[in-house]
Amino acid sequence: MSTTATVDQGGEYSTSGPGSNNNSNNPLRVFVSAKKDINDLFIKVETFVKNVHEFYRSYGDDAGSIVSGGKLQQLESAVEKVAGIRDVLSRNHMKVAFFGRTSNGKSTVINAILQNKILPAGIGHTTNCFLQVEGTDEEEPFIEVGGHRQAIDSVKNLANALNNESMSSDTLVKIFWPKSKCSILHDDVVLVDSPGTDVSANLDSCIDLYCLDADVFVLVSNSESTLMQTEKNFFLKVKEKLSKPNIFILNNRWDASALETDSMELVRKQHMTRDTDFLVDELAVVEKEAAEDRVFFVSARETLFRRTAPLENGASLPNLASLAQGHETRYSEFEDFEHAFEQCLSQSAVKTKFSAHTAEVSRLTTGLAALLEEVAAGTARLRAEKLATIRAHRETVAHIQKAFQLLHQEVKQEIVNLMKAVEHKVCTALNEEIRRLAVLVADFEQPFAGDAQPLALAAYKKELHGHVEARFIANLEQRFASAVSCNVGATQAKMLEGARRLLPPGTLERYSLLGYSIAPREDFKVHIHLNCESLCSDFVEDLQFRFSYGLVQLLQYLTGGKVGENGGNRSLMDKSFTEGKGVQLPSNSSINDSGNGSGSSGGGNRSGNGKAMVVQFAASNLDLIDKLSSSRTTITLLAVGGCLVRVIGWHVIAITSTIYGLLYVYERLSWTTRAKETAFKRQYVAHATKKLRLIVDYTSDNCSDQVKNELTSSFVRLNRLVDNVIEGLRKEVVVLEKEVAFLDEQEKTVALLRGQVKALTGELQAFTGKYLL
Ligand code: GDP
């Protein structure tokens, strides 16, 4: 047999079997206590479910990777479900529904139980709708019909309100009575009075609407008549809806039996037999041996009187002299009825109201416990994954740094090598081009105005600077620019490849997509900076005529100086410019017809015109003539010399003087604009060569610097990219470390929650053991 928790007067719980008589205290407190316990428990459950929900949500995007999908929705519905159950639980109460024919005394019974004349009763009043009496924490009573509240200040007022003809038999009027004025209402009991089984046309719907949640049904019959079929029909319908309703039968108006003492026991027996038969055989809601405990013979009017009549002179009871004989027994039986239905009510209500919800929440907490297990395992797994990623990132950073250091050394060496190669290449090319400068100058074909027109000569010079500069640069660039660009490109590609090897796969592509410029520049070109105009700004041409065999020149020659070194424009000396150095004059000139600039000293320079032949002839006899030619001073000296060789004879002197004079005339006549141009170009070449040689080192350094800058900037870009990658990985590590720290906290929280769910499961089991088993 199961035991039931009860509360004694001191508020302490004790257990006793159902129907135990020693439980004379208020059994309704069991329900009140159970309701408080389960409400407290459900507050904890609701808080817990919300906490789990919040906790799960705190995983954010990781939630999906921690546990299988759909859990968030499950938790959300669990939160709603628990809130819903808590709401129902908080509104739960014990409900007693009273049925019976009109005027059997239902309202009087309810008033007697309430110990207050709350419901209108008596002749002239018929309850023609459903009345529900429940407690309110407010000080003043009020009614509620169809959700509309209406104040009542007296029973008469209530009677008037209830007499409203528009109220149909299936209307529910809720009467809220201050709990402070009525102890049973204080204990969460709701009493429902029905319009009477004989007047309620729509019994079915009324049972559905107002009675299905009743914990106890009381049939108030009139002991002056037998149980009517209409009354039986009602309970048969209730039986159809509820499998085993708790039904009590009150044979009211038993005070009437006091007048017929002889037949009273017989009548009682007949009523008892009919009633128990109805309960046991027709309704099958109670066992035969317990059936008599559900049937009572009472007088509601006497009980009401005893409980509500005014007391006189401080008496504890009103004057009961007016009551019929045996009223004490009837009152005692009414109390027995009250105790029995209260106990039954409390037991039934606790089970029906709380067991389903407790089971539901028990399933829920079991599910939550499983979820938390899963979350704990998922958290540990995710934490381990993140730690592994952190380790991998750190290793990658260390590897990148080390490998990049090596790449840096390699690239540095590569740059140095390339710079040396470029320097050498540029140096060689420059020297070669300088050697070929005469060809460039000879190719300049602007008309030469000579020194007679200084402005035109200045313009000519400017043009020549431009010509030499452009051709010189173009030739140099042609020689090495593309090769150098190729080398630079190859080195850059090597850098990129090195970076690709040391970075995680796809990094370069990803950064390239992000707009990082890491590819080598395709338009890189080594630039030669040359400004002939400023380089040769100090060039001053000397176009003065000087006789090649003047005394000064001869002395210079004899003392080892170079003939025509200063002037350099003598036509006989021009031969060395055009032939000796292998430099070609302009191809259409009378001197140079080969145009290849190779400068053969042979017949390659022969001109087709006579002037050229004269030059040729002069050139072929140069040694002899050169030694004999002189200026006017020289002539004087020769005259003096002639005196000295007078012994040789005048004819020798005359012939020599004539030849010398002819030579002078010839040279003077040959000093034409063309000869001047040739002399100008030769002087320019000599000057420019000297100047250009000065800048060979500078230019080759400059070119190798350009290469160095290009490669260095490429490497710097690459370095920046690698730094960015490392920075990115480090930032990821920081984020991951935070996530791991978060997961550490989550692990602590999940352990806490697992402890809480265990405690809640224990509390639920304790509640079940205390109230529901
Ligand atoms: P209801 O229609 O079933 O609610 O019946 P009421 O409570 O209104 O009672 C109808 C009449 O029966 C009233 O006049 C009551 O005073 C009277 N009455 C109720 N209970 C008893 C009782 O136990 N004995 C006697 N003699 N009259 C009662």
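Whatever order the structure lists ligands and atoms in, that order sets their numbers, starting from 1. These numbers come from the heavy atoms of this one structure, side chains and all, not from hydrogens, waters or symmetry mates.
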(request) Apply the test salt bridge (charged side-chain N to carboxylate O under 4.0 Å, His left out) to residues Lys81 and Glu46: give CA-CA distance (whole Å), side-chain angles for both, the deciding distance (0.1 Å), then the verdict. (result) CA-CA 9 Å; Lys81 188 180 277 179; Glu46 190 179 18; over 6 Å; no
(message) Ring of Phe142, cation from Arg149 - is the NZ or CZ under 6.0 Å from the centre and inside 45° of the axis?
(response) yes
Polar-atom distance check: [X] versus ligand 1, any N or O pair below 3.5 Å?
| X | result |
| --- | --- |
| Arg301 | yes |
| Gly105 | yes |
| Ala300 | yes |
| Ser107 | yes |
| Lys106 | yes |

(message) With heavy-atom distances below 4.0 Å as the criterion, list the atoms of ligand 1 near Asp255.
(response) 22 (C), 23 (O), 24 (N), 25 (C), 26 (N)
(request) Could you list the atoms of ligand 1 found under 4.0 angstrom from a heavy atom of Arg101? (result) 3 (O)
(message) So for Ala256, does at least one of its heavy atoms come nearer than 4.0 angstrom to any atom of ligand 1?
(response) no
(request) Measure the acute angle between the ring planes of Trp254 and His271, then classify it against the limits of 30° and 60° as parallel, tilted or perpendicular. (result)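 Judged by the thresholds at 30° and 60°, the geometry between Trp254 and His271 is perpendicular.
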(request) Hey, can you tell me if Phe354 and Phe767 have their rings parallel, tilted or perpendicular (30° and 60° cut-offs)? (result) perpendicular
(request) For Ala300 and Asn252, work out which heavy atoms get closest and say how close. (result)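 Taking every non-hydrogen atom into account, N-OD1, 2.9 Å.
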(request) Check whether more than 12 heavy atoms from other residues, nucleotides or ligands sit under 6.0 Å from atom CD of Glu76, and answer yes or no. (result) yes
